[in-house]
Amino acid sequence: RGAARGDFIIAFRFVDFLRNFFSSTLGLGSTDKVLDELSLEGVARFIKSGKCKNIICMVGAGISTSAGIPDFRSPETGLYANLQKYNLPYPEAIFQIDYFKKHPEPFFALAKELYPGQFKPTICHYFMKIMKDKGLLRRCYTQNIDTLERVAGLEGEDLIEAHGTFYTSHCVSFCCRKEYNLDWMKEKIFSDDIPRCAKCSSLVKPDIVFFGENLPARFFTSVKTDFPCCDLLIVMGTSLQVQPFASLVSRVSKSCPRLLINMEKTGQVKEFVFLFRDVASISTCDDGCLALADLLGWKGELEELVKQEHARIDSQDQKEKASESKGAAAKATAASPEAPESRKEE
């Protein structure tokens with residue numbers, strides 16, 4: 001295995017050498033050359049040049065794994081590889097709308113394990129926040145439903161949550177569609193109740209997109225305006241196996257550089273080997289973002305932001321837990337019979 005891996009690395013570096021050689025020496029590739037070098041250093045110089053003003057990020061589950069949230073398709077640690085306890089006909093069934101309507105229990109059991117608010121954003125999330133603060137981030141297109149982009153400081157206008165969100169929920173009945181908020185859904189999930197509509201008794205589902213459902217309308221309208229003016233596309237932590245999200249990599253202009261930060265080349269990004277505008281950083285998303293931040297002179301700022309924000313989140317969690325404990329104690333006191341007064345000495 002070690003020899004095979006060594007051969008692969010040598011072959012990979014040779015292909016990168018050929019790409020650079022044909023692009024720079026023979027002038028092959030895009031006529032509108034944007035990167036002076038097909039490397040992370042070349043990407044950093046382009047960002048610092050002032051010509052890169054509209055960065056789009058496409059992100060998947062891989063940006064949240066260091067927060068403790070499993071990705072979907074890793075062979076041993078991925079979510080789909082660890083669903084045996086739910087006795088599903090096949091792993092993806094847990095996110096199939098037809099299966100959910102008949103058997104909602106597995107989804108809500110899993111939702112309790114992965115519910116937003118139990119995890120902290122990663123270095124990668126805060127790297128996108130810094131790009132936003134510097135006026136470079138046009139939009140983040142995320143496949144994730146963990147809401148960590150929001151926790152890190154990206155707001156509604158900065159985000160396209162392509163596969164939906166836990167922030168709101170709706171009754172699944174087309175005749176009802178009553179909306180419920182995050183706190184209502186959280187109370188139901190953590191009390192092990194199957195959420196049902198107060199109006200019609202149908203199931204209530206978080207507004208995440210299941211297989212068999214349409215993506216949010218805003219996804220399609222934003223793609224039309226965002227991608228034609230993209231200066232740099234950064235793809236992080238996604239296998240690019242789910243459509244139509246995966247097809248977005250081909251929506252940028254032919255001269256737009258594309259940077260992949262991922263543990264392996266996957267999906268359509270495998271063609272990056274043959275294109276003369278693309279760079280692949282084969283690493284964890286956090287390591288890739290730290291390396292790019294270092295080249296941009298942002299590393300200290302990024303590390304300090306992560307430290308401060310994690311401390312703030314920990315402090316907030318402690319206050320909320322203390323408040324919940326106090327509230328529970330008050331309820332218990334109110335519910336218990338009044339203790340008899342002690343007899344006074346005459």
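What you are looking at is a predicted structure, and each value in this text was computed from that prediction instead of being measured.
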Visitor: Answer yes or no: is there a side-chain heavy-atom contact under 4.5 Å between L290 and L302?
Guide: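 L290 reaches L302 side chain to side chain.
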Visitor: I'd like to check the salt bridge (charged side-chain N to carboxylate O under 4.0 Å, His left out) partners of D314; sequence neighbours left out, ordered by chain and number.
Guide: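 Once residues adjacent in sequence are excluded, the partners of D314 under the salt bridge (charged side-chain N to carboxylate O under 4.0 Å, His left out) criterion are K120.
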Visitor: Can F227 and Y141 be said to form a ring-ring contact (aromatic ring centres under 6.0 Å, His included), step by step?
Guide: CA-CA 11 Å; F227 280 75; Y141 284 71; 5.2 Å; yes
Visitor: Closer than 3.5 angstrom, by distance alone: can the side chain of N262 be matched with the main-chain N or O of M236 as a donor-acceptor pair?
Guide: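 Not confirmed, N262 side chain does not pair with M236 backbone.
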Visitor: Could you walk me through whether I97 and F211 pass the side chain to side chain contact (heavy atoms under 4.5 Å, CB included) test, one step at a time?
Guide: CA-CA 6 Å; I97 188 62; F211 294 115; over 6 Å; no
Visitor: Check D158 with K129, please: is the shortest side-chain N to carboxylate O separation under 4.0 Å?
Guide: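 No salt bridge links K129 with D158.
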Visitor: Where does the angle between the aromatic ring planes of F166 and F107 fall among parallel (under 30°), tilted (30 to 60°) and perpendicular (over 60°)?
Guide: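 Taking F107 first and then F166, their aromatic rings lie parallel (interplane angle under 30°).
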Visitor: Are T238 and Q143 close enough that a side-chain donor and a side-chain acceptor fall under 3.5 Å?
Guide: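 Present: a donor and an acceptor within the cut-off.
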Visitor: Check S222, C140, C57 against L159 for a side chain to side chain contact (heavy atoms under 4.5 Å, CB included) and give me the one that passes.
Guide: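 The passing option is C140.
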Visitor: Would you say the side chain of P121 lies within less than 4.5 Å of the side chain of I313, judging by non-hydrogen atoms?
Guide: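 Counting from C-beta outward, I313 and P121 do come under 4.5 Å.
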Visitor: Are any side-chain N or O atoms of D231 and backbone N or O atoms of N54, one a donor and one an acceptor, separated by less than 3.5 Å?
Guide: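 Checked: pair present.
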Visitor: Could you tell me the separation between the CG atom of L154 and the OG1 atom of T147, rounded to the nearest 0.5 Å?
Guide: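 With rounding to 0.5 Å, CG (L154) is 11.5 Å from OG1 (T147).
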Visitor: Regarding T165 and D207, is there a side-chain donor-to-acceptor distance under 3.5 Å anywhere?
Guide: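 Note: T165 and D207 side chains miss the donor-acceptor criterion.
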Visitor: Output, in order, the C-alpha distance, side-chain angles, deciding distance and verdict of side-chain hydrogen bond (donor to acceptor under 3.5 Å, both in side chains) for E161 and T142.
Guide: CA-CA 5 Å; E161 291 162 317; T142 179; over 6 Å; no
Visitor: Ignoring hydrogens and angles, tell me if any N or O in the side chain of H103 forms a donor-acceptor pair with the backbone of A93 under 3.5 Å.
Guide: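 The answer is no, because no donor-acceptor pair under 3.5 Å joins these two groups.
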Visitor: Just wondering, do M131 and I234 contact through their side chains at under 4.5 Å, heavy atoms?
Guide: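 They are in contact (side-chain heavy atoms under 4.5 Å apart), so the answer is yes.
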Visitor: Taking C-beta and beyond as the side chain, do V204 and W184 meet within less than 4.5 Å on heavy atoms?
Guide: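 In contact.
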Visitor: Does a salt bridge link K102 with D98, judged by any charged N lying under 4.0 Å from a carboxylate O?
Guide: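 Looking at D98 together with K102, the answer is no, because their closest N to O distance does not fall below 4.0 Å.
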Visitor: What's the spacing between I56 CD1 and C230 SG if we round to 0.5 Å?
Guide: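 Rounded to the nearest 0.5 Å, the CD1-SG separation comes to 4.0 Å.
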Visitor: Distance-only, no hydrogens or angles: does the K307 side chain make a donor-acceptor pair with backbone N or O of H310 under 3.5 Å?
Guide: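 A pair under 3.5 Å: no.
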Visitor: Below 4.5 Å, heavy atoms only, C-beta onward: do V279 and P257 meet side chain to side chain?
Guide: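 No, side chains not in contact.
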Visitor: Tell me if a side-chain donor or acceptor on R177 pairs with a main-chain N or O of C171 at a distance below 3.5 Å.
Guide: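 The answer is yes, because a donor-acceptor pair under 3.5 Å joins these two groups.
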Visitor: Indicate yes or no for a side-chain donor-acceptor contact from S202 to the backbone of S173 under 3.5 Å, with no hydrogens or angles considered.
Guide: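 No, the answer is negative, given that no donor and acceptor are paired below the 3.5 Å cut-off.
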Visitor: NE2 of H170 to SG of C197: how many Å apart, nearest 0.5 Å?
Guide: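 Between atom NE2 of H170 and atom SG of C197 there are 10.5 Å.
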Visitor: Has K178 got its NZ or CZ under 6.0 Å from the middle of the six-membered ring of Y180, at an angle within 45 degrees of the ring axis?
Guide: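 Yes, a cation-pi geometry.
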Visitor: Indicate, with yes or no, if the rings of Y99 and F210 have centres closer together than 6.0 Å.
Guide: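 Ring centres of F210 and Y99 not closer than 6.0 Å.
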Visitor: If only side-chain N and O atoms count, and only distance matters, is there a donor-acceptor pair under 3.5 Å linking D193 with S191?
Guide: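 The criterion, which ignores hydrogens and geometry beyond distance, is satisfied for D193 and S191.
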Visitor: Give the minimum heavy-atom separation between H163 and I145, together with the two atoms involved.
Guide: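 Reported closest heavy-atom pair: O-CG2, 3.5 Å.
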Visitor: Ignoring hydrogens and geometry, is there a side-chain-to-backbone donor-acceptor pair from R138 to I55 under 3.5 Å?
Guide: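 Checked: no pair found.
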Visitor: Please check this pair: side chain of T284 against backbone of D287, looking for a donor-acceptor N/O pair closer than 3.5 Å.
Guide: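 Checking the backbone N and O of D287 against the side chain of T284, a donor-acceptor pair under 3.5 Å is found.
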Visitor: May I ask you to decide whether E149 forms a salt bridge with K132, counting only side-chain N to carboxylate O separations under 4.0 Å?
Guide: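 K132 and E149: not salt-bridged.
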Visitor: Going through the checks in order, is the side chain to side chain contact (heavy atoms under 4.5 Å, CB included) test met by H125 and S64?
Guide: CA-CA 8 Å; H125 290 97; S64 297; 3.4 Å; yes
Visitor: Between V235, L292, D278, which is the residue that forms a side chain to side chain contact (heavy atoms under 4.5 Å, CB included) with L259?
Guide: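 The passing option is L292.
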Visitor: Does the side chain of E304 come under 3.5 Å of the side chain of Q308 through a donor N or O and an acceptor N or O?
Guide: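 Side chains of E304 and Q308: pair found under 3.5 Å.
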Visitor: Quick one: are L295 and L40 in side-chain contact, heavy atoms under 4.5 Å?
Guide: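 Yes, at least one pair of side-chain atoms sits under 4.5 Å.
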Visitor: For L88 and P106, work out which heavy atoms get closest and say how close.
Guide: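 Closest heavy-atom pair between L88 and P106: CD2-CB, 4.0 Å.
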